[in-house]
Trainee: 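One structure, as structure tokens, below. Some questions next.
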Amino acid sequence: MVMRKVLCGLFLSCSLCMAAFARQTDNKPAVVERFMDMGFGMFIHWSVDSQLGAVISHSLSGASEDYCQRFFTELPLTFNPKKFDPDAWAVLARLAGMRYVVFTTKHHSGFCMFDTQTTPFNIMNTPFHRDITRELVDAFRRQGIAIGFYFSPEDFWFFHRQGVPIGRLQHEQHYPVSNPALMEHDKRQLKELLTNYGQVDVLFFDGPAEELKEYAWSLQPDLMVTRGQISTPEQTTPGVPMPGPWEACYTMGTDWQYKPTNDPHKSGKDIINMLIEMRAKGGNFLLNVGPKPDGELQIEQEARLREVALWNFANTEAIHDIRPWHIVREGDVWFTRSKDGTAVYAFVTRTAWKYGERKELVLRTLRGNAGTKVSVLGYDSRLVEYRQDYDATLRWDASPLGLVVSAVNGQRFYTNNLWDNPVVLKIEHVDYQPINDKASKQSQIDGAK
């Protein structure tokens with residue numbers, strides 16, 4: 001009965017996923033493929049209220065008239081991120097393996113981080129008096145990173161001017177389709193964003209996207225609309241693979257914008273394992289940073305990205321231009337496959353594999369053949385530093401039990417060798433071998449949760 005419920009749940013999830021996939025066709029197929037290839041992106045939440053270390057925009061919801069007035073008039077007078085260095089952000093993103101960026105051009109407060117003629121509540125009316133969006137776009141393009149814009153159709157500054165209670169989707173006038181003036185305001189801003197900054201690759205609508213996404217496509221037909229068109233779970237990862245594109249959005253700590261206190265962060269290893277799981281399930285990972293009000297990235301967030309960068313430097317081919325394998329994982333070994341189908345990548349995660357140690361793996365769902373070849377990404381399996389006459393040879397065998405691999409973890413990343421992030425095996429020219437026994441089926445179902 002338990003197994004029946006699990007299978008029914010999986011069937012229902014897949015049915016819902018197929019229904020969602022059917023709604024994704026307005027993004028061009030080639031654009032969708034390009035988006036799925038990119039795999040890993042940098043989300044940037046940053047606005048005028050980062051000066052307060054408050055939840056971005058939402059402190060206005062339900063706020064007093066005095067609070068609102070001071071937010072809209074006083075905060076722009078002191079926002080001056082003199083340490084803003086978008087080139088440094090872009091280089092770090094590239095090293096970390098991020099292929100696209102999504103920047104908060106306008107969050108719910110209505111403050112525009114770009115030069116706009118639609119509202120005085122914008123970055124040009126601050127002491128900084130420079131178009132942050134322009135500088136960020138140029139810097140990330142120099143690193144070959146695709147450009148994405150976050151845009152909130154809801155606009156608290158605009159609501160306040162209209163006399164509409166400030167909140168999120170709690171009043172009819174919060175919806176652009178029910179508020180013609182808001183719809184026109186949003187379209188004017190989208191026209192600026194989609195005509196003044198060159199090719200924009202990704203657009204993330206954080207709110208009602210009806211009519212606005214169609215308008216955006218009329219301006220840039222090759223735009224990939226994510227939220228508002230595809231599934232973009234926030235702070236959660238789907239339990240099963242989903243067909244077509246999807247994107248999970250996560251913070252490193254507990255908030256999206258800069259939070260100076262009470263904000264424990266995920267470890268670098270946590271982030272790497274999350275990336276592996278999402279890519280194995282066919283999704284993209286949009287990982288957030290929240291710059292400080294002076295324009296610097298938080299040291300905690302930079303440190304995590306440096307750790308991801310080191311891991312990515314060795315293993316980048318396993319997370320980009322890939323698609324899901326027949327199964328998500330076997331136990332603690334997750335799988336992706338190259339788009340051309342010539343290679344499977346096996347990520348050995350959550351298992352202590354010390355530097356210089358040999359490990360034996362039996363991959364039951366892989367069937368080797370005469371042309372099979374196995375390698376460790378980033379390591380040539382010939383020697384282990386400071387060890388004389390040590391056999392680091394990588395061996396594999398196509399046995400009736402599956403593909404048997406014997407490998408040494410020999411890539412030296414830290415002086416103390418305490419690097420416990422996943423090791424990735426590249427397995428070329430291998431076939432899928434279904435396992436039919438009950439225990440293995442349950443394992444694969446559990447692995448997809």
Side-chain angles (χ1 to χ4, degrees), residues 39-40 94-97 267-269 271-273 275-276 279-280 305-322 325 329-433:
F40 191 24
R94 181 179 176 181
L95 287 171
S267 69
K269 183 177 181 179
I271 292 168
I272 292 167
N273 284 330
L275 173 62
I276 291 167
R279 297 305 281 150
L305 288 176
R306 297 286 177 197
E307 185 172 347
V308 175
L310 179 52
W311 182 86
N312 172 70
F313 205 74
N315 301 298
T316 185
E317 71 175 87
I319 62 167
H320 296 119
D321 303 308
I322 56 87
W325 178 236
R329 71 178 185 181
E330 291 183 43
D332 289 327
V333 179
W334 295 77
F335 299 105
T336 62
R337 67 168 177 86
S338 61
K339 273 184 70 176
D340 63 9
T342 61
V344 173
Y345 299 96
F347 302 80
V348 184
T349 67
R350 298 183 175 87
T351 301
W353 191 352
K354 296 179 181 179
Y355 173 76
E357 180 181 84
R358 180 172 290 278
K359 183 179 287 294
E360 310 286 342
L361 299 167
V362 180
L363 303 175
R364 299 187 65 195
T365 56
L366 300 184
R367 183 173 65 247
N369 55 63
T372 298
K373 178 183 177 182
V374 182
S375 56
V376 178
L377 292 186
Y379 177 54
D380 69 0
S381 298
R382 286 192 294 176
L383 56 81
V384 174
E385 192 175 24
Y386 298 127
R387 297 191 186 180
Q388 296 293 330
D389 303 318
Y390 185 86
D391 180 14
T393 306
L394 195 155
R395 299 184 284 270
W396 62 91
D397 182 49
S399 79
L401 294 176
L403 187 68
V404 179
V405 178
S406 177
V408 170
N409 176 12
Q411 180 69 64
R412 190 159 188 252
F413 287 120
Y414 285 167
T415 299
N416 61 6
N417 295 325
L418 296 180
W419 172 267
D420 62 352
N421 286 309
V423 176
V424 185
L425 304 177
K426 180 179 181 179
I427 307 168
E428 300 173 79
H429 308 298
V430 69
D431 300 312
Y432 174 57
Q433 177 172 276

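The residues of the chain are indexed from 1 along the displayed sequence. These figures come from a predicted structure and were not determined experimentally.
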Trainee: Could you state the interatomic distance from CG (L95) to CZ (F313), rounded to the nearest 0.5 Å?
Mentor: 7.5 Å
Trainee: Does CZ belonging to R367 count more than 12 external heavy atoms closer than 6.0 Å?
Mentor: yes
Trainee: So W419 and Y414, would you call those rings parallel, tilted or perpendicular, with 30° and 60° as cut-offs?
Mentor: perpendicular
Trainee: Should we count NZ of K373 as having more than 12 external heavy atoms under 6.0 Å?
Mentor: no
Trainee: Mind checking what makes salt bridge (charged side-chain N to carboxylate O under 4.0 Å, His left out) contact with D380, not counting sequence neighbours?
Mentor: R382
Trainee: Taking only residues two or more places apart in sequence or in another chain, which ones pass side-chain hydrogen bond (donor to acceptor under 3.5 Å, both in side chains) with T342?
Mentor: D340
Trainee: With no hydrogens and no angle check, do the side chains of T365 and E330 hold a donor and an acceptor under 3.5 Å apart?
Mentor: yes
Trainee: Take N421 and E307 through the test side chain to side chain contact (heavy atoms under 4.5 Å, CB included) and record every step on the way to the result.
Mentor: CA-CA 9 Å; N421 286 309; E307 185 172 347; 2.9 Å; yes
Trainee: Using every non-hydrogen atom in the two residues, find where W353 and V408 come nearest and quote the distance to one decimal.
Mentor: CZ2-C, 4.0 Å
Trainee: Closest heavy-atom contact between L425 and A407?
Mentor: CD2-CB, 4.5 Å
Trainee: What pairs with D391 under side-chain hydrogen bond (donor to acceptor under 3.5 Å, both in side chains), at least two apart in sequence or on another chain?
Mentor: T393, R395
Trainee: Which atom names give the shortest non-hydrogen contact between L403 and G368, and what distance separates them?
Mentor: CD1-CA, 4.1 Å
Trainee: Please output the side-chain donor-acceptor pairs of residues 314-321 that fall under 3.5 Å, not counting sequence neighbours, one pair per line with the distance.
Mentor:
residue : atom : partner : partner atom : Å
N315    : ND2  : W311    : O            : 2.9
T316    : OG1  : N312    : OD1          : 3.3
T316    : OG1  : H320    : ND1          : 3.0
E317    : OE2  : Y345    : OH           : 2.5
E317    : OE2  : K426    : NZ           : 3.1
H320    : ND1  : R99     : NH2          : 3.3
H320    : ND1  : T316    : O            : 3.4
H320    : NE2  : G97     : O            : 2.7

Trainee: Go through the structure and list residues passing side-chain hydrogen bond (donor to acceptor under 3.5 Å, both in side chains) with Q433, not counting sequence neighbours.
Mentor: none
Trainee: Name all residues meeting the side-chain hydrogen bond (donor to acceptor under 3.5 Å, both in side chains) criterion together with S406; count only those two or more places apart in sequence or in a different chain, and write none if there are none.
Mentor: R358, E360
